[in-house]
Amino acid sequence: MSTGGSLERERRQAYLLVAPAVLVLAGVALYPILAAIWLSLHRFILVFGERRFTGLDNYAFLLSDARFWAALGNTAYFTAVAVTVELLLAVPLALLLNRAFPGRGLLRASVLVPWAIPTVVSARLWAWMFNPEYGLINRLLPGNDINWLGAPGYALHAAILVDVWKTTPFVALLVLAGLQGISEDLYKAARVDGASAWRAFRSITLPLLKPALLLAVLFRSLDAFRVFDAIYVLTEGGPANTTETLSIYAYKTLMRSGDFGYGSALSVATFLCVVVLAAVWLKLLGREEGAR
Amino acid sequence: MKRPGLGTALAVVAFLTFFLGPFGWQVLTSLWPDGELTRPWPSHLTLENYASVLWGRPFLRVVLNSLLVAALTTVFCLSMGAAAAFALAKLEFRGRGLLLSAALAVSMFPPIATVSPLYLILRAVGLRDSLVGLALPYATFALPLTLWVLTSFFRQLPDELYRAARVDGCTPFQAFRRVLLPLAAPGLATTAILVFIFAWNEFLYALTFLSTPEKRTVPVAISLFASEYREPWGEIAAASVVATLPLVVLTVLFQRRIVSGLTAGAVKE
């Protein structure tokens with residue numbers, strides 16, 4: 001039925017249909033990224049109206065900026081620990097959700113509750129539980145008066161806990177989708193062969209789950225790397241900058257100091273880190289797909 | 001269905017406590033009389049905190065702002081996203097793969113990377129500190145999500161439907177509007193829920209682009225909910241419950257849809 005003319009018409013209409021979405025994406029995503037790179041090559045202080053081209057000066061300063069390296073370290077630590085803990089909790093949760101038992105629907109709906117709560121609200125909720133005087137956590141740990149959010153060393157881990165609480169359900173859902181793709185026959189065969197449950201998990205579940213796990217790690221680590229909301233509300237980067245991540249440092253430079261040049265350089269650096277991280281994970285993921 | 005073993009039951013209780021406990025504690029805090037928070041347990045429960053949040057502060061206004069921005073973002077993303085997703089799923093044209101990968105790449109941008117130019121653009125066109133101006137940048141993250149989820153929904157509809165409509169004399173656009181769009185209604189509903197939740201929860205852009213207190217959205221208002229001398233924990237808890245309850249209800253009701261949408265957007269392909 002498709003004559004040359006109708007194919008041509010189909011193509012034309014296809015372009016018309018995608019055009020608005022493409023234009024919006026170009027306007028609110030692509031252009032701002034390019035503009036941020038351009039801004040980062042300037043000395044640009046908004047309130048003074050000062051703006052002049054300075055080339056790579058901002059980046060030279062960035063490389064010698066101890067606060068930048070500390071923020072990068074905090075961000076990397078936050079991402080690595082949060083994603084690891086989330087995976088370690090999500091796999092057993094997904095295995096549980098994949099099993100038939102009364103009340104499974106209820107559990108499935110309940111674990112989505114933290115996911116649906118705005119991050120800012122969950123950070124406030126945890127800030128209240130971390131309250132050193134009468135927060136729930138110190139109430140449950142008698143004789144304890146740790147200032148969870150005020151003590152360096154504790155605060156970043158408190159933020160990680162908030163992230164784990166909020167996003168483990170999402171990771172579990174991705175893992176669950178992977179689990180549901182594994183044929184029941186494999187487990188039956190393993191049982192016939194006399195394999196233990198642990199053996200079946202190690203030899204069947206884990207290898208077949210690997211692509212889903214890698215995908216979850218990809219999504220979560222990119223997401224954790226740009227963490228802002230939770231930490232901003234919990235500590236604003238304190239105490240003594242020990243919870244300052246790249247996004248927080250960039251935000252403070254942009255919106256509090258009004259330094260759009262260096263702030264843009266910091267946000268471009270964050271963007272580049274995310275690109276590198278994505279490239280590494282996509283390469284691993286691609287190798288995994290290729291191996292199958 | 002097998003009877004659950006003790007291990008299963010314990011695991012269920014542990015996960016439920018971990019995921020629901022903090023929210024339950026928040027609800028209890030919101031009903032805790034002001035001035036009694038230092039006690040181990042409230043002497044009675046009260047709705048005072050709700051009254052002072054809803055009537056003593058411009059919080060209802062803030063909720064309305066959030067509703068408006070979230071609804072605007074949803075309509076905006078669905079109207080553009082549905083057309084594009086249909087074309088991506090059913091029509092032949094060059095650059096399909098590129099467009100989907102580009103959308104995925106955009107959704108992975110750190111929002112902070114686009115804040116400075118967006119701030120300057122919105123300021124230049126007079127849309128800074130406006131709710132309409134806020135809905136536009138939300139498309140950066142909501143539109144890619146829309147494209148992925150809806151493309152996967154349109155792909156699940158049989159190609160024969162599209163071809164039959166074409167044979168009957170529909171143009172591709174008519175086939176989309178009359179035949180495929182109505183059939184994609186469940187997909188549209190799922191996407192609408194996801195985009196709405198996303199826009200309701202967004203914080204960084206709302207914090208950066210809005211400056212007038214009356215224009216704040218719920219997350220911004222809650223983050224700035226401090227008085228000079230002490231944190232009004234009871235009121236914060238009440239505001240949080242008001243801001244969260246609709247989402248919790250939505251999530252529990254549409255749990256299946258949300259899960260299928262999230263995994264369709266993330267896992268397939």
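Lettering follows sequence order; numbering is per chain, from 1.
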J.: Using heavy-atom distances under 4.5 Å, tell me whether B:Gln26 contacts chain A through its side chain, its backbone, both, or neither.
T.: side chain
J.: Please look at B:Val106 and chain A and tell me whether the side chain, the backbone, both or neither of the residue comes under 4.5 angstrom of a heavy atom of that chain.
T.: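 For B:Val106, the side chain is the part near chain A, not the backbone.
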J.: Heavy-atom pairs under 4.5 Å with chain A: which of B:Leu245, B:Val252, B:Thr146, B:Leu207 has the most?
T.: B:Leu207
J.: When only pairs under 4.5 Å are counted, which of A:Leu107, A:Leu46, A:Leu93 shares the most heavy-atom pairs with chain B?
T.: A:Leu93
J.: Which of the residues B:Ser116, B:Pro137, B:Ala105, B:Pro111 is involved in the greatest number of heavy-atom pairs with chain A at under 4.5 angstrom?
T.: B:Ser116
J.: Decide yes or no on side-chain contact (heavy atoms from CB on, under 4.5 Å) for B:Leu204 and A:Arg226, but give the supporting numbers first.
T.: CA-CA 11 Å; B:Leu204 177 61; A:Arg226 57 193 183 185; over 6 Å; no
J.: If you count heavy-atom pairs under 4.5 Å between each of A:Pro169, A:Ser122, A:Gly103 and chain B, which one has the most?
T.: A:Pro169
J.: In terms of heavy-atom pairs under 4.5 Å with chain A, which of B:Leu253, B:Leu250, B:Leu147, B:Ile236 leads?
T.: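 Going by pairs under 4.5 Å, I would pick B:Ile236.
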J.: Side chain, backbone, both or neither: which part of B:Phe198 has a heavy atom under 4.5 Å from chain A?
T.: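 Neither; nothing under 4.5 Å.
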J.: Output the option from A:Leu30, A:Ile33, A:Thr270 having the highest count of non-hydrogen pairs under 4.5 Å with chain B.
T.: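 Most heavy-atom pairs within the cutoff with chain B belong to A:Ile33.
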J.: What residue, out of B:Lys90, B:Glu202, B:Met108, has the most heavy-atom pairs lying under 4.5 Å from chain A?
T.: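 Maximum pair count with chain A is reached by B:Met108.
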J.: Given a strict heavy-atom distance threshold of 4.5 Å, which part of A:Phe225 is in contact with chain B: side chain, backbone, both, or neither?
T.: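 Neither part.
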J.: Which atoms of B:Ile193 are under 4.5 Å from chain A, going by heavy atoms: the side chain, the backbone, both sets, or neither?
T.: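 Neither; nothing under 4.5 Å.
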J.: Verify side-chain contact (heavy atoms from CB on, under 4.5 Å) between B:Tyr119 and A:Leu254, making sure each step is shown before the conclusion.
T.: CA-CA 10 Å; B:Tyr119 181 90; A:Leu254 285 168; over 6 Å; no
J.: Only pairs of heavy atoms separated by less than 4.5 Å count here; which of B:Phe76, B:Phe109, B:Phe93 has the most with chain A?
T.: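 That would be B:Phe109.
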J.: With respect to chain B, which residue among A:Leu106, A:Leu96, A:Leu34 yields the maximal number of heavy-atom pairs within a distance under 4.5 Å?
T.: A:Leu96
J.: Between B:Thr251 and A:Trp115, does any side-chain donor sit less than 3.5 Å from a side-chain acceptor?
T.: no
J.: With a 4.5 angstrom heavy-atom cut-off, is it the side chain or the backbone of A:Arg104 that approaches chain B, or both, or neither?
T.: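 For A:Arg104, neither part sits under 4.5 Å from chain B.
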J.: Select, from B:Val220, B:Val115, B:Thr140, the one with the greatest count of heavy-atom pairs under 4.5 Å involving chain A.
T.: B:Thr140
J.: Side-chain contact, heavy-atom cut-off 4.5 Å: B:Thr114 with A:Val28?
T.: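 B:Thr114 vs A:Val28: side chains apart.
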J.: Under the side chain to side chain donor-acceptor pair (under 3.5 Å) rule, what do A:Arg124 and B:Ser240 come out as? Steps first, then yes or no, please.
T.: CA-CA 8 Å; A:Arg124 274 302 200 170; B:Ser240 302; over 6 Å; no
J.: Please look at B:Leu143 and chain A and tell me whether the side chain, the backbone, both or neither of the residue comes under 4.5 angstrom of a heavy atom of that chain.
T.: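 Contact with chain A: side chain only.
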J.: Could you walk me through whether B:Val259 and A:Leu112 pass side-chain contact (heavy atoms from CB on, under 4.5 Å), step by step?
T.: CA-CA 9 Å; B:Val259 172; A:Leu112 273 175; 4.0 Å; yes
J.: For a quick test of reading the model, state the closest non-hydrogen atom pair linking B:Pro40 to A:Arg139 and the distance between them.
T.: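 The pair with the smallest heavy-atom distance is O-NH1, 2.9 Å.
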J.: Could you look at B:Ile197 and say if it's the side chain, the backbone, both or neither that has a heavy atom under 4.5 Å from chain A?
T.: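 The answer is the side chain of B:Ile197.
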J.: In terms of heavy-atom pairs under 4.5 Å, which option from A:Val274, A:Val268, A:Val120, A:Leu222 contacts chain B the most?
T.: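 Option with the greatest count: A:Val120.
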J.: Answer yes or no: is there a donor N or O on one side and an acceptor on the other, between the side chain of B:Trp200 and the main chain of A:Pro118, under 3.5 Å?
T.: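 No, the answer is negative, given that no donor and acceptor are paired below the 3.5 Å cut-off.
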J.: For a side-chain contact (heavy atoms from CB on, under 4.5 Å) check, start with the C-alpha distance between B:Leu99 and A:Val22, then their side-chain angles and the critical distance, and finish with the verdict.
T.: CA-CA 8 Å; B:Leu99 186 51; A:Val22 171; 3.7 Å; yes
J.: Below 4.5 Å from any heavy atom of chain A, which atoms of B:Arg256 appear? Answer side chain, backbone, both or neither.
T.: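 B:Arg256 has no heavy atom closer than 4.5 Å to chain A.
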J.: Looking at B:Pro22 and A:Met129, what are the two nearest heavy atoms and their distance?
T.: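 Looks like CB-CE, 3.7 Å.
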J.: For A:Ala127, is it the side chain, the backbone, both or neither that has a heavy atom under 4.5 Å from a heavy atom of chain B?
T.: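 Both parts, backbone and side chain.
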J.: Relative to chain B, which of A:Gln13, A:Arg11, A:Met255 shows the most heavy atom pairs under 4.5 Å?
T.: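 Greatest number of close heavy-atom pairs with chain B: A:Gln13.
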J.: Taking side chain as everything from C-beta outward and backbone as N, CA, C, O, which of these in B:Ala237 sits under 4.5 Å from a heavy atom of chain A? Side chain, backbone, both or neither.
T.: neither
